[in-house]
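This report refers to the structure that appears directly beneath it.
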Protein chains: 2
Amino acid sequence: MKLDERKKKILSSVVEDYIASAEPVGSKTLVEKYKLNYSSATIRNEMKILEDEGYLEQVHISSGRVPSTKGYRYYVDNLMKDKNLSMLDINYIDNTITGYGDIGKLLEQAADVVSKILLRPTVLTLKSSDLLEHIKIVKISEKLLLVVIMSQNGTVKDCIAKLTDSIPDERIEELSEVLDRNLLGTPLENLHIALNKMIEKDLQKFSNILGEISESVKYELNKERKKLSANVESILDLPEFSDVEKAKNFVNILSTKEIIDDTLLSIKDENLGIIIGSENQELLLKDYSIITLNVGDKDKTVGKLSVIGPKRMDYSKTVATLKYINHKFKNLLPTESKNNKEMK
Amino acid sequence: MKLDERKKKILSSVVEDYIASAEPVGSKTLVEKYKLNYSSATIRNEMKILEDEGYLEQVHISSGRVPSTKGYRYYVDNLMKDKNLSMLDINYIDNTITGYGDIGKLLEQAADVVSKILLRPTVLTLKSSDLLEHIKIVKISEKLLLVVIMSQNGTVKDCIAKLTDSIPDERIEELSEVLDRNLLGTPLENLHIALNKMIEKDLQKFSNILGEISESVKYELNKERKKLSANVESILDLPEFSDVEKAKNFVNILSTKEIIDDTLLSIKDENLGIIIGSENQELLLKDYSIITLNVGDKDKTVGKLSVIGPKRMDYSKTVATLKYINHKFKNLLPTESKNNKEMK
DNA sequence: ATTAGCACTCGGATGTTTTAAGTGCTAAAG
DNA sequence: CTTTAGCACTTAAAACATCCGAGTGCTAAT
């Protein structure tokens, strides 16, 4: 159904007022706060129609209106205006994401700053289908090795392997080069298996040390696959969670990996995905919205940032923030061919 | 004042019941649940005395008793029995703290597992007065360096430095060795300054690259100094925080660095410190208790693990858990002289 | 020294009344 | 035909009132 201008104005006013106030919006508020040149009665009639069409809802029969999922969707698709970030927020982002550290760390910083600006938990999902670009073993003390792993999207991870027997420097270098030559393109999640396989193949002489490296790598990479949820506490400030049971419920959903995993998986590779309320496959998420940014370029994304919270969410500001983050990352990401190819 | 056996028994029963139930404990409960062979009237008389002496409190005139700070203190000092950890908990700890990774990461794992077992937030404070043992620069691609920093207590940190100009391998090695030779013993918090000073001294030729390394090091080390607070959400399950305002309040205290910093600083170098309620200097913490473990040996500690929560806390289990953690760390910590001296 | 018994206190649960915000509808006005 | 004034009606939430039970302190008897 096409909405006429007045209905559009009313709908967007209801959405924006509700986003700001968390209170159901009544006809009088609407007339007073937004310059609608009609009487409250007229607005009431219009709101009734918008409700019949499914854009608005009443929490009870004599209450003001609240946007429905359909209403938010219409707002996001047709009515929402681009918002500019405040200088404050831009500075905050620029000062936090400084460009030191590898992409994994940059993404963590991004998740953190996004959650602070938007006052919503933010889930970071590192792209897991990542392939090994380079591996390097560095001796840092007699019985300690540092294993440096660089993946094809530029993430650098490292871990310590403790040795039971010491081993001469040149053997380490030899091992490092053999591994680097043979393991190119290995999916990171299988790296520890590939390392173990190397023992059987041609590296029996490194049997012990390889086993130890493998264990350490396995631990580090599996750990890293875990998602980071930044700023979960922020929900306590939302009126939606003034009842602690609801807060607990939401925290539980957030920490149930399967729910978040499945949902985020369902987001296609579009750059910015918005799932509102009952659009979620998962029933438990029917009152929440998720806005996900696939960080990076269309063809090559490095991870997902997902802002998650009650449907009542500042969609406009969230989109603006995420777009700015992505813009920033495009500048920060290594221009592939240039930097990565030299690691030996 | 010396308490007779019966009073001791009553006090410890009140404490333990209240710890378990979060409800004020009445004379009848006490007689029934704990094998006190006296009538409720007798118990009431004794409780009155215990209240007059300041060990117990009433939340209102006709309610059961709740331990006061003094009561908890007496319990902790005199009545509390050593508790054995369940096999479940021991296994959980053993499986989580696996010994891969450097001490910083091990401590993070420890904070995490402690908070999960005790269902309380746990703050990890890394020992900040740490000195440089070794620094090593590794080239990982044409314009990326990995800076590995090993401190004297065994923590390994590393960060990426991005270069504007590439630099030949042998120069890197030279630089790495010069730095390692000259910076031994530098406090980590000043490392970036020391690096910059090196430019003025004898390393003008490395001017650019040193600047870039310094920036990166500065960022990484300052970031790491931040405390980690594990499992803040756990408080939502406590009846104390059924009012969300109180939860918010506590979360705010936890995230106000100064409060926690100052308080933790006040804990002497004893291995295990317990601060109960109003024993805290900080007024805001008067309803909370903090149990802190200085991880490591008396002479050489590597960090602090602090379990924080309402005064109603399972002191016995907390102490047992922390002791086990410390025991574990003593085994994991490098035996100083052996491992650390080889990094070149 | 202990305890049965009782009057007393008070928080919390339950029920009732009031208030304020907001609606839908009707009928009149534009 | 559209808009609006006016009013009866609905409901959540706040304010107030009542009741109940867990628990106490004290007295007097054991």
Side-chain angles (χ1 to χ4, degrees), chain A residues 3-11 13-14 17-18 20-68 71 239-240 242-246, chain B residues 3-11 13-14 17-18 20-68 71 239-240 242-246:
Chain A
L3 299 181
D4 60 41
E5 282 311 311
R6 192 168 66 188
K7 290 198 183 64
K8 286 184 185 173
K9 177 72 181 154
I10 292 174
L11 177 54
S13 300
V14 170
D17 199 80
Y18 185 63
S21 73
E23 298 288 338
V25 189
S27 52
K28 223 173 141 198
T29 322
L30 233 36
V31 173
E32 282 164 13
K33 273 218 251 176
Y34 305 83
K35 44 192 177 181
L36 303 181
N37 287 318
Y38 297 94
S39 75
S40 65
T42 308
I43 305 300
R44 276 204 293 285
N45 290 333
E46 292 283 65
M47 286 169 98
K48 183 85 202 304
I49 299 173
L50 282 169
E51 182 173 4
D52 292 341
E53 298 288 337
Y55 294 100
L56 296 179
E57 285 170 353
Q58 271 179 309
V59 12
H60 65 266
I61 196 159
S62 75
S63 79
R65 266 30 178 244
V66 158
S68 67
E240 278 81 350
S242 63
D243 176 2
V244 88
E245 282 304 316
K246 286 183 191 137
Chain B
L3 298 182
D4 59 44
E5 282 311 310
R6 192 168 65 187
K7 289 200 185 60
K8 286 185 186 173
K9 176 71 181 154
I10 291 174
L11 177 54
S13 299
V14 171
D17 199 79
Y18 185 64
S21 73
E23 297 288 336
V25 189
S27 53
K28 224 174 141 198
T29 322
L30 233 37
V31 173
E32 283 164 14
K33 274 218 253 177
Y34 304 83
K35 42 191 182 186
L36 304 181
N37 289 318
Y38 298 94
S39 75
S40 64
T42 308
I43 304 299
R44 276 203 293 284
N45 290 333
E46 291 284 66
M47 286 169 98
K48 184 85 203 304
I49 299 174
L50 283 168
E51 180 172 5
D52 291 343
E53 299 288 338
Y55 295 99
L56 296 179
E57 285 170 354
Q58 271 179 309
V59 15
H60 65 265
I61 196 160
S62 75
S63 79
R65 272 16 183 252
V66 157
S68 67
E240 277 81 350
S242 63
D243 177 2
V244 88
E245 281 304 315
K246 286 182 190 136

Give the intermediate values and the outcome of side chain to side chain contact (heavy atoms under 4.5 Å, CB included) for residues B/Val14 and B/Tyr55. CA-CA 10 Å; B/Val14 171; B/Tyr55 295 99; over 6 Å; no
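Taking atom OH on B/Tyr38 and atom C1' on C/dA4, their separation rounds to 18 Å, with Å as the unit.
The side chain of A/Lys48 lies closest to C/dC25, out of D/dT4, D/dT11, C/dC25. You'll find that the side chain of A/Ser62 is closest to C/dA21, out of D/dG25, C/dA21, D/dT3. Considering only side-chain atoms of B/Thr42, the nucleotide from C/dT2, D/dG23, C/dG11 that sits closest is C/dT2. Closest contact between the side chain of A/Gln58 and the listed nucleotides C/dT23, C/dT2, D/dT24 involves C/dT23. The side chain of A/His60 sits closest to D/dA12 out of D/dA12, C/dT23, D/dT3. Among the nucleotides D/dA12, C/dT3, D/dT3, the one closest to the side chain of B/Ala41 is C/dT3. With distances taken from any side-chain atom of A/Asn45 to the nucleotides C/dT3, D/dT4, D/dT11, the minimum falls on D/dT4.
At a cut-off of 3.5 angstrom, counting only N and O atoms as typed in the model, there is no donor on one side facing an acceptor on the other between the side-chain of A/Ser39 and the base of D/dT4.
Between A/Ser63 and D/dT11 there is no side-chain N or O to OP1 or OP2 distance below 4.0 Å. For the OP1/OP2 pair of D/dG23 and a distance below 4.0 Å, the side-chain nitrogens and oxygens of B/Ser27 include no atom meeting the criterion. At the phosphate of D/dA22, neither OP1 nor OP2 sits under 4.0 Å from any side-chain N or O atom of B/Arg44.
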